[in-house]
Amino acid sequence: MALDMEFGQEILYGEREMSRTKPLHSWDVTCREAVAIQKIFREKLILCDESPPVEIHSIAGADISYSRGDDRFFGAVVILSWPAMEILEIASSVAQVPFPYVPGLLSFREGPVLLKAFDKLKQRPDIIIFDGQGIAHPRGIGLASHLGLFLNLPTIGCAKTKLVGTFEEVDQERGCHTNLYHKGSVIGAVVRTKNRVRPVFVSQGHRISLPRAVEIVLNCCRGYRLPEPVRQAHLAVNRLREAAPPPCKTRISAPESDPAPSEIDSIRPHSKE
DNA sequence: GCGACAG
DNA sequence: ATCTTGTCGC
């Protein structure tokens, strides 16, 4: 996809007085730097709908996957048609895990591999849903908001669990939703996307209003808890990981095709060390 | 000091 | 997120 890389690089590097020699996809930062970046980026978010309103023809979902003992990250982006929810394009990527999991700093862990996948897309979606928070975040800038700035596209955060905030229980019927509050403000919505199933946490990412974000998420659901874009991205990334060659193990072990002599004619079928 | 804590 | 076995319900 024609990424707005210049915009992304400008806001990432321009404010930090650091050299532009580091590749975009390796955000090697300290937690302290990451927090500083978030505070700067937070000011750049646009939290209202486009004017004039953008007509939606396509919508994308993004997700990542990895497994233990593997230092690789798999990322996938799926673009679906609107409102039919038919798959138009899929892009994927593999990258090294760049940053540990720290609640509140997920962008720096999942962002690079996702941007790498977005860069491979041929078309630009009209809007993107992420598997994570938008502004429902301690500093008001979760994964969806952060990448919305990078991609310069409208984005929505749709997380499976809460990061911050308080809320009243939601009615059990699909379509019901309540506000998510934090420090006296509405930062998102708790949305029931399926009858009697745990709600999801929807929040504005970038260039969108909360009512519209909720409406779009609900209109993307097709009988499952997660909206189709996110669900399809999840499926795509898991297919990718399972089809990928096994991880390069750091630890050296004897090949199983060449068992030690004592194991070949072992009388006991399985000796558990 | 005790919870809470996107993925 | 990943790992993991069974189990409740439409």
Side-chain angles (χ1 to χ4, degrees), chain A residues 27 31 34-35 37-38 41-42 45 61-77 92-117 128-149 155-167 172-174 180-183 187-206 210 213 217 222-227 229-231 233-242 244 246-247 249:
Chain A
W27 294 354
C31 289
V35 167
I37 290 170
Q38 288 182 329
F41 284 18
R42 174 63 183 83
L45 288 178
D63 195 19
I64 66 102
S65 175
Y66 63 97
S67 56
R68 274 192 182 172
D70 191 343
D71 57 354
R72 296 171 303 177
F73 254 6
F74 296 88
V77 182
S92 57
S93 64
V94 183
Q96 298 296 301
V97 177
F99 200 82
Y101 172 68
V102 180
L105 299 179
L106 191 64
S107 305
F108 297 88
R109 180 171 172 82
E110 299 197 354
V113 71
L114 289 180
L115 286 179
K116 192 173 172 183
I128 311 164
I129 304 181
F130 285 91
D131 180 12
Q133 313 290 353
I135 63 169
H137 175 279
R139 289 167 294 281
I141 177 154
L143 178 69
S145 300
H146 201 129
L147 294 195
L149 284 170
T155 58
I156 297 170
C158 180
K160 296 182 291 297
T161 60
K162 182 190 80 172
L163 176 58
V164 291
T166 58
F167 61 98
Q172 294 293 319
E173 286 70 44
R174 166 182 156 76
L180 179 64
Y181 298 94
H182 185 56
K183 294 181 176 176
I187 59 169
V190 187
V191 182
R192 193 81 65 178
T193 53
K194 182 179 179 183
N195 289 347
R196 300 181 54 83
V197 167
R198 279 183 305 153
V200 296
F201 295 77
V202 176
S203 57
Q204 301 159 76
H206 180 46
L210 182 57
V217 165
R222 290 294 182 277
Y224 296 89
R225 179 189 179 216
L226 297 182
V230 169
R231 199 176 76 87
H234 189 75
L235 293 173
V237 81
N238 281 331
R239 284 196 302 267
L240 175 70
R241 181 163 66 87
E242 284 162 26
K249 291 178 182 175

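As a basis for the values below, the full set of heavy atoms in this structure was taken, side chains included, without hydrogen atoms, waters or symmetry mates. Source: prediction; values computed, not measured. All chains are named by letter (A, B, ...) in the order of the sequence lines, taking the proteins before the strands, and each is independently numbered beginning at 1.
- One finds a side-chain N or O of A:Arg241 lying less than 4.0 angstrom from the OP1 or OP2 phosphate oxygen of C:dT2.
- Side-chain N or O atoms of A:His206 include none that pairs as donor or acceptor with a backbone N or O of A:Ala144 at under 3.5 Å.
- Within the 4.0 angstrom heavy-atom criterion, only backbone atoms of the sugar-phosphate kind lie near A:Glu110; the bases stay farther away.
- For A:Gln133 (side chain) and A:Thr161 (main-chain N/O), a donor-acceptor pair under 3.5 Å exists by modelled atom type.
- Shown for residues 193-202 of chain A: no residue has heavy atoms falling under 4.0 angstrom of DNA chain B.
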Would you please test A:Gln172 and A:Arg192 for side chain to side chain contact (heavy atoms under 4.5 Å, CB included) and show each step?
CA-CA 7 Å; A:Gln172 294 293 319; A:Arg192 193 81 65 178; 3.4 Å; yes
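- Side-chain contact check for A:Leu163 versus A:Leu106: every heavy-atom pair is 4.5 Å or farther apart.
- For A:Arg241, there are no salt bridge (Lys or Arg N to Asp or Glu O under 4.0 Å) partners two or more places apart in sequence or in a different chain.
- The side chain to side chain donor-acceptor pair (under 3.5 Å) check on A:Arg231 picks up A:Glu228, with sequence neighbours excluded.
- Every residue two or more places apart in sequence or in another chain that forms a side-chain contact (heavy atoms from CB on, under 4.5 Å) with A:Val200 is listed here: A:Cys158, A:Val191, A:Thr193, A:Val202, A:Arg225, A:Leu226.
- Judged purely by atom type and a 3.5 angstrom limit, A:Arg42 uses its side chain to pair as donor or acceptor with the backbone of A:Gly140.
- At a threshold of 4.0 angstrom between heavy atoms, the contacts of A:Ile141 with the nucleic acid are absent.
- A 4.5 Å side-chain heavy-atom check between A:Gln38 and A:Phe108 finds at least one atom pair inside the cut-off.
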Just the dot-bracket of DNA chain C, please: which string comes out with Watson-Crick or G-U pairs under 3.5 Å, [ ] for crossing, | for another strand?
..........
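- Rounded to an integer number of Å, the gap from CG of A:Leu106 to C1' of C:dA1 is 9 Å.
- Listed by chain and number, the residues in a side-chain contact (heavy atoms from CB on, under 4.5 Å) with A:Asp131 are A:Asp63, A:Lys160, A:Val230 (sequence neighbours excluded).
- Here the side chains of A:His146 and A:Thr155 are not in contact, with every heavy-atom distance at 4.5 Å or above.
- Among the protein residues, A:Gly157 comes within range of no part of the nucleic acid, since none of its heavy atoms lies under 4.0 Å from any strand.
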Would you write the dot-bracket representation of DNA chain B, where each base gets (, ), [, ], | or . depending on whether it forms a Watson-Crick or G-U pair under 3.5 Å and with which partner?
.......
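- One interatomic measurement links the two molecules: CG of A:Asp63 to C1' of C:dA1, which rounds to 9 Å at whole-angstrom precision.
- The side chain to side chain donor-acceptor pair (under 3.5 Å) search around A:Asn195 returns none, not counting sequence neighbours.
- No more than 12 heavy atoms of other residues, nucleotides or ligands sit less than 6.0 Å from atom CZ of A:Arg198.
- Partners of A:Phe167 under the side-chain contact (heavy atoms from CB on, under 4.5 Å) rule, at least two apart in sequence or in another chain, are A:Lys162, A:Glu169, A:Thr178, A:Leu180, A:Val190, A:Phe201.
- Here A:Phe74 pairs with nothing under the ring pair (Phe, Tyr, Trp, His ring centres under 6.0 Å) rule; sequence neighbours left out.
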Let me have a per-nucleotide readout for nucleotides 5-10 of chain C, 5' to 3', with B, S or -, counting only protein heavy atoms under 4.0 Å.
------
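- A nucleotide of DNA chain B counts as in contact with chain A when one of its atoms lies under 4.0 Å from a heavy atom; the first and last such, 5' to 3', are B:dC5 to B:dG7.
- A 4.5 Å side-chain heavy-atom check between A:Pro98 and A:Phe73 finds at least one atom pair inside the cut-off.
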